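A quick note: this is a predicted structure, and the numbers were derived from the prediction, not measured. All chains are named by letter (A, B, ...) in the order of the sequence lines, taking the proteins before the strands, and each is independently numbered beginning at 1.
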2 protein chains.
Amino acid sequence: MRNAQAVSNIQPRRQIYRLPRAQRVADIMLTARAVFREKGYNDAVIAEIALRAGVVEGTVYRYFAGKRDLLIKVVEHWYEEMLTDYDRQLHGIRGTWNRLRFMIWRHLTVIHNDPAMCRLIFNELRSGAEYRETAVFELNREYTNRTLAIVQDAMDSGEFRGGIPLRIVRDMIYGGVEHHIWAFLRGEGDFSPEESADGITDIIYRGLVRPGAAIDRGEQAIRRLEEVAERLEQASALVPEISRTIGNASC
Amino acid sequence: MRNAQAVSNIQPRRQIYRLPRAQRVADIMLTARAVFREKGYNDAVIAEIALRAGVVEGTVYRYFAGKRDLLIKVVEHWYEEMLTDYDRQLHGIRGTWNRLRFMIWRHLTVIHNDPAMCRLIFNELRSGAEYRETAVFELNREYTNRTLAIVQDAMDSGEFRGGIPLRIVRDMIYGGVEHHIWAFLRGEGDFSPEESADGITDIIYRGLVRPGAAIDRGEQAIRRLEEVAERLEQASALVPEISRTIGNASC
DNA sequence: AAAATTAATGAGCCTCCCTCATCATGTCCA
DNA sequence: TGGACATGATGAGGGAGGCTCATTAATTTT
């Protein structure tokens, strides 16, 4: 122990590093993300976030209006990362069944990859009264609308029967997914995004498809053929010999 | 003001009424139900519950292990009331479609009649780590199993196609319902249990029902295409670039 | 009527969220 | 180069609310 401390009992303030606002905010948000992930919202303590971010509690409140605001910002940031290049991926997929299946699989995979973060969204963020004002709400809306656009297209083309309220389709897809992963989010067991996506897509597709169009074993066979064609098309683009031979089959 | 008070400044303890344990517990739970309904879990304050129940804060903790325990007991009590004579009602309904529709409608109606209580269950109770130990969890399980029994019966009789994982059916029905009523629970707008039940039942039923026999001319074409797909897939396995790219067929 | 039992009390502890007066540091300009 | 200024950062402390426990008092038992 140094002499000055021992005598005067005054703790010298540690060296203070002043960071530009943006940097400090980023630091705190990254730390907060980790702590929220580990502890959940209620058990996360601002003091710990501050400590691990290398600042004092008051500093957190300088940049965030409160604990709840911090949560919202953290989730928004994460969510925006997630949504990058969704559209580009979907763009390469053909056929209503495949596109629907992709959207569902994708959603399941995000949850599978970061359950703790999704817990925050489902359990904490969405319960709050201010959820509608959140950017997550709006981003989510856009995201689900992309799925509904697929359904709408299929209705327009006659593949799906008409007169189905889109809202209900959305609720059954995303509600079904959520309900499906509840146990996993509670840490009970695992699930396979692939199998689950197959099961959900199967029921939804059959529930919407125009009867008499493609039925029974024809249904399955056609779906499988679509998938094969899809994969072969994508793959063939990579192999000069094949693409020269086959040409573009997708038209 | 009475003299004794003015002089000694000692508040005489008000008359204490000692109630039998069961009575006190019932009183507190009923008050707690009201306060939780009005304020939600987080904004409900034990002191207020105690005050309105005519006891002091410590008394609440004499009968309940904590705030969370109180919530659980309150919800369990309410849930058990709800479930009375479900079976009897279902008994009088014939036909798979009608029975499914009844179960869905019933669920929607419960939510429609007591949104505040359902908010507690969906937003608070079910988020907690101890949900699985709850009686609500078990009661809910039994309840949804009744729906699955209807589906199973229909599969056995051949009305529904086989091989559908029951768990997914359950998730889509109850998840779909929940997602559907989210906005309503947040106090945004209303919904019609009848119309919603029709829409959900419609998709589920069609998603599960056994389709008619395959069409004649489709049959041959499909068989031929299947063979082609088979050969192409096998051939593609011989081209390293493709098999590396495609990988597992299921994603 | 004394003893035993147990319902009920309420002061007060503890943990957190959050505020704010104060201090420190980096920047700009004379 | 040094003083003024803007703003990053501090940390003690206020306040709310969940929860404890030693004490008091009503009721029952002996």
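- When rounded to the nearest whole Å, the span between CG of B/L51 and C1' of C/dA8 equals 15 Å.
- By the salt bridge (charged side-chain N to carboxylate O under 4.0 Å, His left out) test, A/K73 is found to be paired with A/D69, residues two or more places apart in sequence or in another chain being considered.
- Counting non-hydrogen atoms under 4.0 angstrom, B/R24 reaches the backbone sugars and phosphates but no base.
- The ring pair (Phe, Tyr, Trp, His ring centres under 6.0 Å) check on B/F160 picks up B/Y205, with sequence neighbours excluded.
- If you measure from atom CD of B/Q23 to atom P of C/dA8, you get 10 Å, rounded to the nearest angstrom.
- A distance of 11.5 Å separates CD1 in B/I72 from CD in B/E124, rounded to the nearest 0.5 Å.
- Map B/G58 and B/Y17 each onto its nearest nucleotide of DNA chain D; the residue landing nearer the 5' end is B/G58.
- Here B/D27 pairs with B/Q23 under the side-chain hydrogen bond (donor to acceptor under 3.5 Å, both in side chains) rule; sequence neighbours left out.
- For B/R18 and C/dA8, the shortest distance from a side-chain N or O to OP1 or OP2 is not below 4.0 Å.
- The CD1-C1' distance, from A/I28 to D/dA9, rounds to 10 Å in whole Å.
- One interatomic measurement links the two molecules: CZ of A/R62 to P of D/dG11, which rounds to 15 Å at whole-angstrom precision.
- If A/R68 and B/P20 are placed on DNA chain C by their nearest nucleotide, the residue sitting closer to the 5' end is B/P20.
- Atom pair B/R21:CZ and D/dT28:P shows a separation of 17 Å (rounding to whole Å applied).
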Quick one: do A/D171 and B/W182 satisfy side chain to side chain donor-acceptor pair (under 3.5 Å)? Show the steps, please.
CA-CA 10 Å; A/D171 293 331; B/W182 263 111; over 6 Å; no

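- For B/Q15 and D/dT27, the CD to P distance is 8 Å, given to the nearest whole Å.
- At a threshold of 4.0 angstrom between heavy atoms, the contacts of B/Y63 are confined to the sugar-phosphate backbone, with no base atom among them.
- A straight line from CZ of B/F64 to P of C/dA7 spans 13 Å, rounded to a whole angstrom.
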Please write out the pairs of protein N or O atoms and N or O atoms of nucleotides 16-18 of chain D separated by less than 3.5 Å, giving the distance to one decimal.
residue, atom, partner, partner atom, Å
D/dG18, OP1, B/A44, O, 3.2
D/dG18, OP1, B/K67, NZ, 3.0
D/dG18, OP2, B/I46, N, 3.1

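- Taking atom CD1 on B/I16 and atom P on D/dA25, their separation rounds to 7 Å, with Å as the unit.
- In this structure A/D153 satisfies the salt bridge (charged side-chain N to carboxylate O under 4.0 Å, His left out) test with no other residue, sequence neighbours excluded.
- Legend: ring pair (Phe, Tyr, Trp, His ring centres under 6.0 Å) pairs involving residues 26-64 of chain B, not counting sequence neighbours, sorted by first then second residue: B/F36-B/Y41.
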